Each structure stands twice: as structure tokens, then as C-alpha cells.
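Just so it is clear: chains get the letters A, B, ... in the order the sequence lines come, proteins before strands, and each one is counted from 1. Keep in mind that what you see is a predicted model, and the values were worked out from it rather than measured.
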Amino acid sequence: MSLRRRATQDLPAAFIIAALLALLWLGLAEGEGWWFGGPAILAVVLMTLHLSPVRAQPLHPLGLLRFVAYFISQSLYGGLDVAGRALHPRLPLLIEKRQIAVQLPDGPARTVLVGTISLLPGTLAVDLEDDLLTVHGIAGDPMANIRRLEKRVADLFGLPDAGMRI
Amino acid sequence: MPVSDLLASGFDVLLCIGLLWLAWQAITGTGLFRSVVMFMVFGLMMAVTWARLGSPDLALAEAAIGAGITGALLLNACRAAVSEMRSDEQPLRDRPSGVPKWLALPLSLAAGVGLAWLMHSIPRDGGPTPEAAIKAAETHFLDNPITSVLLDFRAIDTLLEMAVLLLALVGARVLLDQRRLPALYPVPDHPMPMLPSLLAMITPVLLLTGLYLFWAGSHAPGGAFQAGALLGALGVMYQLAGRFTPTHEPGTVNALLITVGLGLFSLFACLSLLWAPAPLSHPEQGAYALVLLIEFALMLSIAATLVLLFVGSRSLQLRRSTNHPGGRQ
Amino acid sequence: MLTDWWTIALVTVGCAFFLAGTVGLLRFPDVHTRLHALTKADNVGLGLICLGLMIHDGTLPGILRLGFIWILAIFAATVSAFLIARWHESAGTED
């Protein structure tokens, strides 16, 4: 791969990582030591692109807002739900395992989907083999929840809404 | 007594009981795995204890090295022991070791009594040394008294610690060669889903946090050991994800990385005789830069040694995530 | 003073989530259901505790630090839960 092509591909990702790392340095060093932090961030960005190359993925601002709101409200609900089940004397668990074909493209969108499933009410990601996602549910059929989550993730990355096959 | 004090002492009492209970569980646990997990939890509680005692430096080191890296090493050893147990007819536990078990009790009792006697023999007011050390630390060119002790007042201890670390690696290598233990981690054929994403997220964070700890060491909690342990943990993650390929040919970069700390420190010890009567004395000019250089080399060596100790191979090669060969360390 | 009460309330509720998660870990019947209890309760519990401490700290670096702690912890938790669940599924062992 030519250097120029690499640079144009890696540059957006490099900027995003550098910006996030600047926030991290601000948090760790409390605004001091930029003479060391600045070059350190540059070195870390270069090493990261060498060790774990990532591609920048544009986010949709409105989709991001909706995703964050959805994630926070569902996280709270999920926490309350599982706490209620754990503390309930009869331990009500409606266990159901489903295999679902993921329509989101491979890459960050799928990572966010699988990473989020286990934090939302009643669902746990168990396996991902090619396009087939296995989900474990303790609140009945996880299908509807996954369908809604996949739509939110598609919005987050500004992807066309992907329908789901069973 | 105010409520907050009462709560704090209640917490401390719980911490003490918890530590004792965890230590007991780690020793008397029914399985190797269980014992190792208990030991790791013990390390974390110990880190909380150091933080409560107002020693963030020790808390950081305990959490990163005591619980983290040592825990990973023990889990690794546990796995090797289990696989050996399966292949051998004789279980590991019942194999005669040549030393009777009951000896452990009098030995540890004697060690405990000896330590208690030593503690008792330290003068109550601490003698003249602590006061002199505090006074010297106040005017020292390093603002973090811990780092002043590690790299100036007692630099010889740190130098020898690095030698111990290198010796540990050499010892492990010799043992692995002689006993022909199984390859500790078979590299997975195809990458596990989600793991590359975790690595991509954690790589920049751990690298920068490690560099921060290195930089902070001169004036705040941190330093080469904590930074090295963090970078070592990153290396362990790469190994677990199958991104490092263990090789049997010694690699130049690997060899350089594990020796640069001790090497540079020893070189400094020799060179310092040029400007001072005793080795390991800092020069009048440029001492700060010199300390940073040595600390950086120590950090690299600590990280590389810990990773190689974990893997147990002679050297490592980076595998590109898209199956491109090459890379370093 | 009012911010102190917010901190106390948020941290207390966060701890309650951790307690409920631990109860779930002990009471739930198998690996998968236990992972449910851990991931969700820890996510909310840690989130509330970090939020409470952010209010208490009130400085930008402190808030950033706590934010990073929360995000890194939940991402590590969800990935390790996924890997444990996946390993358990392929091993097919009981318990």
C-alpha cells in the first residue's frame, strides 16, 4: 500500500484517537505536562495505528444523541430488571436462547451491537459466528429488543435501516 | 467519636478481616484455580489497604504487579500444571517433593517471630535516618520522595531488583528448556470476535497511561515499575489474543528490550565514578534528564521481561491483525 | 451542601445495584444467567457511583477521569462476559 493512500486512510482515525487521548491526558495530568503529553500522544497514535489499525467511522450526530439516550435509559431499566429478578424470592427467570442473523455490516457497527446487547435489559450476547448471533434472554424472547437495538446502532452510524431475518 | 471516623474504622476493620480471610482461602482452597483467584482478590484488597494507609505508590504497584501480572503468571502456571496433571498418571499434588509438608509450619512460625523481633528492635523514634531522609527529599531535584529513594538514596536496591527480574526470566527459560513443558498458549487459529475491538480500544489508553505514570513518577505517584507493569499487561493481552507469535530464535529487539534497563543503570553506576567518589551518585548538572532516561529504560525492560515471563518463550513477534508477517517485539 | 446529598444518594443507589448483582451472582442457576446479573448491575452501579463522584469532584480533569473509568470498565465487562459466555457455549459443560 502506498504511503499516500495509507495516510489518507489513517488520518481521520489518527485525529480521533489523538483527540480522545488529549482528553485522557487532561484527565490524568490535570492540565499539566503538555510538553511531555503532546509528543507522547503523537507517539501513542503512531504505535496504535501500527499495532491495532482502525478505520474511522463517521457517526451521525442525531443518531448519536438518540443512541446515548436509548443506552442510558435502557441501562437503568436493565439494571432494575435484573436486580428485581435477583432479589425476588421466587427468582423469576424466563430463559430463552435465540439465533439471529445480523444485518449490520462487519466492523464497528457490529462491535457496538454485540457490546451493547449484554448491558441492556434481559439480553446477553453469547456467540457470533459469521453473521449468526446467539442471544441469551432472561426476560422472555430477546428478538424484539435486539431488533430495536440494531435500528439504533444503524442510526448511530448513519446506515440505512437494516431489516432482520430470523 | 464523629460518625465519619466510626465509618472509617469500621471499613478498616472489615478490610483487615477480609485480608486475613482471603489469605486463608488462598492457602487452604480446594483447587489450584480457586486459590489463584483468591490470591488475586487478596492483591486487590491489599492495594485498597495501601491506599487507605496513604501510600498510592504502593497501591499502584500492588494492583498492577501483585494482583495483575502475578495473577496472570499464576493462572498460566495453573493451566500448565493442570495439563501436566492430565498427561501424567501421578497427580501434581501428591508427587513427593523431597521436603516434608509439616516443615512449613515451624519455618513460617520462625520467620514470623524473626520479623516481629526485627520490627521490635527498630527504635521507636526511628533514629536519625528517617529525619535525614525527609530533609534530603525536601530539597531533592525529584519532587516525588518515593522516586528520590528508588533512584538516588537507595539506587543500589533498584539496580539489584532489575538484576533479580532478569535472573527470574533466565531461570524460567532454563527451567522451561530442561523440563520441556508444553507450549503455554497455543495461538488461536482465527481471531475471537470482539477481542480485536477491545485491543483497539485498550491499546492507546494503556500506552498513554503507562507513559503518564512514567512521566508522573518524578513528582507524583507513578514511576518505571508501575508504568512497566501496565505496558506488560498490554503485552499479555496481545499474547492472549494471539497477536504475538512465540518464537524459538532469540530476537535482537527482544534481547535489547529486556537488558536495556539493567544495562543502562549499570553503565551509569560505572560512569558516576568519574564525577563522584561513590557509584550511583548523580551529577550536578542534568540529573533530572538522566533519571528520566534511566527510568524510561527500566520501564521498557520491566514491561518486556514481564511479558516474556508470561509467555515463557525466547522472543515474540508481532502478527499484524490482517495476517501480515513481520513486526517487532 | 445540596451537591453532597446528591453524591451520597447516587453512590448509595450505585452500591445497591452492586449488592443486587452480587445476590444475582449467588442465586442465579447457571453461567449465562449469572453473567446477566454481573454485566447489567455493574454497568448501572458503576455508572451511578462515577456520576456521584463527578458531582463531588466538580473539576474537569476529575470528571474526565471518572468518565474514562466508567467507559473502559463497562467495555471490558461486556467483552469479557461475551468471551466467557462464548467459551461456555462451545465447551458445553454443565454449571
Set of side chain to side chain contact (heavy atoms under 4.5 Å, CB included) partners for A:Leu94, sequence neighbours left out: none

Side chain to side chain contact (heavy atoms under 4.5 Å, CB included) involving A:Leu64 - partner list, sequence neighbours excluded: A:Leu59, A:Val68, A:Leu156

Atom of A:Ala86, atom of C:Gly24 and distance for their closest heavy-atom approach: CB-CA, 3.5 Å

Closest contact, heavy atoms only, A:Val82 versus C:Ala37: CG2-CA, 3.8 Å

Under 4.5 Å from a heavy atom of chain C, the part of A:Leu20 involved: backbone

Heavy-atom check, side chain of C:Phe82 versus side chain of A:Val126, under 4.5 Å: no

Per-residue contact mode, C:Leu19 against chain A (heavy atom under 4.5 angstrom): neither

Chain C contact via A:Leu93 - which portion, at a heavy-atom distance below 4.5 Å: side chain

Most chain C-contacting option - heavy-atom pairs closer than 4.5 Å, from A:Gly115, A:Ala83, A:Pro121, A:Gly84: A:Gly115

Residue pair C:Leu64, A:Leu24: steps toward the side chain to side chain contact (heavy atoms under 4.5 Å, CB included) verdict: CA-CA 7 Å; C:Leu64 281 172; A:Leu24 178 63; over 6 Å; no

With sequence neighbours excluded, residues passing side chain to side chain contact (heavy atoms under 4.5 Å, CB included) with A:Leu76: C:Val44

Atom group of A:Ile95 that falls short of 4.5 Å from chain C, counting heavy atoms: side chain

Interchain contact, C:Phe68 with chain A, by part (heavy-atom threshold 4.5 Å): side chain

Just list the donor-acceptor pairs under 3.5 angstrom between chain C and chain A, please.
from, atom 1, to, atom 2, distance (Å)
C:Arg27, NH1, A:Ala86, O, 2.7
C:Arg27, NH1, A:His88, O, 2.9
C:Arg27, NH2, A:His88, O, 3.4
C:Arg27, NH2, A:Pro89, O, 2.9
C:His36, NE2, A:His136, O, 3.3
C:His36, NE2, A:His136, ND1, 2.9
C:Thr39, OG1, A:Ser118, O, 3.1
C:Lys40, NZ, A:Ser118, O, 2.9
C:Lys40, NZ, A:Thr123, O, 3.0
C:Asn43, ND2, A:Ser75, OG, 3.1
C:Arg65, NH1, A:Gly27, O, 2.7
C:Arg65, NH1, A:Glu30, OE2, 3.3
C:Arg65, NH2, A:Glu30, OE2, 3.2
C:Thr78, OG1, A:Gly115, O, 2.7
C:Arg86, N, A:Val126, O, 3.3
C:Arg86, NE, A:Asp127, OD1, 3.0
C:Glu89, OE1, A:Lys97, NZ, 3.2
C:Glu89, OE2, A:Lys97, NZ, 3.0

